[in-house]
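Right, one structure below, let's go through it.
This chain uses plain numbering: 1 for the first residue, then up along the sequence. Whatever order the structure lists them in is the order used to number ligands and atoms, beginning at 1. Every heavy atom of this structure was used, including side-chain atoms; hydrogens, water molecules and symmetry mates were not.
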Amino acid sequence: MVRNRGCGEISESDIGHDLTLCGWVFRRRDHGGLIFIDLRDRSGILQVVFSPDVSGDAHARAHDLRSEYVISVSGKIRTRPGGTENPNMPTGMVEMYVDELKVLNESSLLPFTIEDAADASESLRLKHRYLDLRRPEMQRNLIIRHKVTKVIRDYLDERGFIEIETPMLTKSTPEGARDYLVPSRLNPGHFYALPQSPQIFKQILMVSGFEKYFQIVKCFRDEDLRADRQPEFTQVDLEMSFADMKDVVGNIEEMLKRLFKDVIDVDLEIPIERLSFHESIERFGNDKPDLRFGLELKDMADLSEKGTFKVFLDAVHSGGRVKAINGKGMANLSRKEIDTLTEEAVSFGAKGLAWIKVKSAGGGGFESPIAKFFPEEILRQMAARLDIEEGDLMLFVADKGKVVHDVLSRMRLELGKKLNLIKPGYRFAWITDFPLLEWNDEEGRFEAMHHPFTSPMDEDIERMLTGDVNNKNLLGSLRAKAYDIVLNGYEIGGGSIRIHRRDLQKKMFEVLRISDEEARIKFGFLLDALEFGAPPHGGIALGLDRLVMIMVGASSIRDVIAFPKTQKACCLMSGTPSPVEPKQLKELSIKIDLS
Ligand code: ASP
């Protein structure tokens with residue numbers, strides 16, 4: 001098929017040339033004598049004109065063209081007549097006058113139009129994904145995704161990283177989510193797990209001496225889905241030998257800098273700012289802070305103690321917290337609006353929301369059912385701590401620390417959006433100094449905050465090796481050589497320096513109450529490998545889907561994945577998952593019990 005160029009590439013330098021173009025009928029306008037078609041292919045859109053003066057035959061047949069017919073047109077590129085140019089379109093100065101039209105295929109009536117602002121429901125879009133992906137916005141998203149992986153591969157290759165594939169049919173990995181299982185026909189009753197990450201294999205590759213590994217790899221986690229999760233997702237996974245945190249962090253920063261410049265022409269400032277886990281929780285209430293706006297959480301425990309409000313005093317005296325944020329410019333909310341805000345706080349887990357309206361900053365302007373419990377001077381100090389100006393609203397939550405932080409971090413985000421405080425741009429941060437372990441109240445034991453192969457900080461190693469596995473205070477105080485990277489309020493990656501000593505790994509399992517036997521069954525091959533000269537090593541994995549989502553400005557990762565799944569983990573286009581033939585189950589020695 002002869003096709004000289006892409007529709008979107010045609011420019012004034014093509015004027016006077018005879019070209020042949022192919023594509024889909026995007027829009028069609030019948031202006032009596034002339035018929036205009038916006039012809040679309042991957043490269044963009046060009047206006048093509050059918051005139052009876054140029055070709056009576058092509059003009060006559062153009063009447064029958066409908067949306068999404070596939071056509072080929074030949075003709076001369078001309079400048080658009082004065083006054084009909086469209087400066088908003090890259091090809092808006094030119095058009096093709098068609099002297100030959102071929103209809104390559106017809107199209108049925110569409111379930112929705114292929115316009116950029118898709119007004120169809122997402123489920124309809126997902127069911128007809130082949131059409132949804134024709135939308136220029138989706139094409140752009142996937143093309144940017146392609147460029148992102150290309151730049152990453154080039155960068156890592158130049159830095160001596162080697163891409164090595166690890167198995168998809170494997171054993172359960174310790175990332176803490178549920179596994180997707182695959183039955184083994186040849187080993188009845190035995191199952192593979194799809195990898196939650198290549199964690200163990202990449203560590204083994206370090207033991208094997210590859211020194212720098214990476215892989216752009218599908219991972220699988222059977223979790224309840226949220227807006228920014230998918231059951232299968234892609235990680236940029238890497239691991240380095242003889243590396244400390246500085247090396248891993250430095251490589252990722254350089255890579256991101258190059259990525260943002262080459263793909264979306266944004267200059268990132270590196271080094272990226274660092275916050276300790278503790279500081280992030282204290283200031284923003286979570287460990288993936290959105291730094292594009294303020295409204296930081298402020299501790300009010302000391303000032304609470306200078307008043308007589310029982311809810312605050314009880315929280316402080318029972319080891320809880322009282323913290324507040326500034327509801328900027330919200331002092332004029334009605335009682336009903338404040339009730340709605342309170343309901344929101346309750347839905348986030350708070351028992352209630354205390355508030356003080358600040359009508360005039362100077363003094364005397366505090367309006368609140370709780371104002372009477374505090375001397376005026378204390379109210380003023382509270383206001384000063386929150387950078388309150390006239391017309392602002394102080395919002396307080398008092399409870400256990402975790403609840404206070406959860407609720408206020410979510411309220412902060414809601415208010416940031418509602419009050420339009422979020423500045424455009426890309427705000428990265430590294431979160432460091434994580435605790436090594438996290439207490440699980442339900443199970444009455446510690447869990448690894450990242451995964452059980454994460455190394456404690458050097459200064460904590462001896463304390464851990466010699467410490468009593470029942471000493472909760474000691475274990476709770478250990479810190480990890482772990483780091484997360486956060487962008488605009490999303491965790492886009494995380495990693496750690498690993499344990500490479502057999503004795504320390506053994507102790508880690510003891511602390512986590514994983515028996516020798518269980519450790520052997522689950523990760524015996526890694527433990528064996530650690531016996532044979534494992535170099536110090538560490539790495540990281542970035543979530544490619546989230547990263548691309550933020551780079552293209554999409555609001556869902558489904559918009560940067562060609563064939564994503566729904567919240568219920570279904571593919572609406574292919575109808576996956578689906579029942580299978582009884583014969584297949586029999587071969588796999590599987591019986592279904594839906595009771
Ligand atoms: N395997 C980890 C994860 O998937 C990343 C890492 O530690 O390198 O979160």
Side-chain angles (χ1 to χ4, degrees), residues 152 156 161 163-168 170-180 193-207 210-223 228-241 243-253 255-256 277 287-288 430-438 447-457 479-487 490-500 505 508 512 522-523 526 534-547 557:
I152 290 176
L156 290 171
F161 286 81
E163 184 161 19
I164 302 177
E165 289 167 273
T166 51
M168 289 288 120
T170 177
K171 258 179 133 78
S172 188
T173 37
E175 304 291 350
R178 221 175 266 124
D179 287 320
Y180 275 99
L194 298 180
Q196 292 188 32
S197 84
Q199 186 62 36
I200 298 183
F201 289 100
K202 69 173 172 174
Q203 292 194 232
I204 287 188
L205 289 169
M206 295 303 102
V207 180
F210 283 97
E211 295 186 17
K212 287 176 175 180
Y213 140 97
F214 85 100
Q215 188 180 187
I216 298 185
V217 60
K218 271 290 178 74
C219 298
F220 304 84
R221 295 183 193 176
D222 187 3
E223 291 177 296
D228 61 338
R229 294 239 170 104
Q230 281 280 304
E232 51 178 308
F233 58 100
T234 305
Q235 290 199 328
V236 179
D237 191 47
L238 59 94
E239 195 76 6
M240 304 166 71
S241 291
D244 57 20
M245 172 169 153
K246 199 164 74 296
D247 301 305
V248 179
V249 161
N251 256 297
I252 294 294
E253 288 183 347
M255 183 176 95
L256 288 171
F277 173 77
D287 59 359
K288 44 179 180 151
W430 287 103
I431 310 297
T432 62
D433 298 83
F434 282 91
L436 183 67
L437 304 162
E438 205 177 16
E447 280 175 345
M449 190 132 179
H450 274 76
H451 48 59
F453 311 123
T454 295
S455 170
M457 295 273 193
R479 281 170 316 137
K481 277 193 199 170
Y483 32 81
D484 275 359
I485 182 161
V486 173
L487 170 56
Y490 288 93
E491 183 202 321
I492 57 153
S496 60
I497 300 302
R498 326 297 182 187
I499 296 172
H500 66 283
Q505 189 64 68
M508 184 70 167
L512 299 175
K522 284 194 172 150
F523 334 109
L526 176 64
H537 61 284
I540 192 166
L542 300 184
L544 181 73
D545 310 292
R546 280 187 203 166
L547 181 62
I557 54 171

In terms of residue, atom name and distance, what is the protein heavy atom nearest to [atom]?
| atom | value |
| --- | --- |
| atom 9 (O) of ligand 1 | Glu175 OE1, 3.6 Å |
| atom 7 (O) of ligand 1 | Arg498 NH1, 2.8 Å |
| atom 5 (C) of ligand 1 | Gly494 O, 3.4 Å |

Q) Can you check whether Ser496's main-chain N or O pairs, donor with acceptor, with Tyr483's side chain at less than 3.5 Å? A)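 Yes, Tyr483 side chain to Ser496 backbone: donor-acceptor pair under 3.5 Å.
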
Q. Side chain of Gln215, backbone of Ile164: donor and acceptor closer than 3.5 Å?
A.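 Judged by distance alone, yes, a pair lies under 3.5 Å.
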
Q: May I ask you to decide if the ring planes of Phe277 and Phe434 are parallel, tilted or perpendicular, using 30° and 60° as cut-offs?
A: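 Ring orientation of Phe277 relative to Phe434: tilted.
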
Q. Would the number of heavy atoms belonging to other residues, nucleotides or ligands and lying under 6.0 Å from OH of Tyr180 be above 12?
A.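 Enclosed: over 12 neighbouring heavy atoms sit under 6.0 Å from OH of Tyr180.
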
Using a 4.0 Å cutoff against the non-hydrogen atoms of [X], which atoms of ligand 1 qualify?
| X | answer |
| --- | --- |
| Lys202 | 6 (C), 8 (O) |
| Gln235 | 4 (O) |
| Ile540 | 8 (O) |
| Gly495 | 6 (C), 7 (O) |
| Arg221 | 3 (C), 4 (O) |
| Ala541 | 5 (C), 8 (O) |

pair [X]-[Y]: side-chain heavy atoms closer than 4.5 Å:
| X | Y | answer |
| --- | --- | --- |
| Cys219 | Pro198 | yes |
| Gln203 | His537 | yes |
| Arg498 | Glu239 | yes |
| Leu238 | Ile540 | yes |

Q.
Contact between ligand 1 and His451 is defined here as a heavy atom of the residue under 4.0 Å from a ligand atom; is it met?
A.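 Yes, His451 has heavy atoms under 4.0 Å from ligand 1.
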
Q.
If only side-chain N and O atoms count, and only distance matters, is there a donor-acceptor pair under 3.5 Å linking Gln235 with Ser197?
A.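 Per modelled atom types, Ser197 and Gln235 side chains form no pair under 3.5 Å.
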
Just to be sure I read this right, does ligand 1 sit under 4.0 Å from the backbone of [X], its side chain, both, or neither, counting only heavy atoms?
| X | value |
| --- | --- |
| Glu239 | neither |
| Gln196 | neither |
| Ser197 | side chain |
| Gln203 | neither |
| Glu491 | neither |

Q. Under the side chain to side chain contact (heavy atoms under 4.5 Å, CB included) criterion, do Thr166 and Ile204 qualify, and how do the steps go?
A. CA-CA 11 Å; Thr166 51; Ile204 287 188; over 6 Å; no

Q. Hey, does Asp237 come in under 3.5 Å of ligand 1, counting only N/O atoms on both sides?
A.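 The answer is no, given that Asp237 and ligand 1 share no N or O pair closer than 3.5 Å.
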
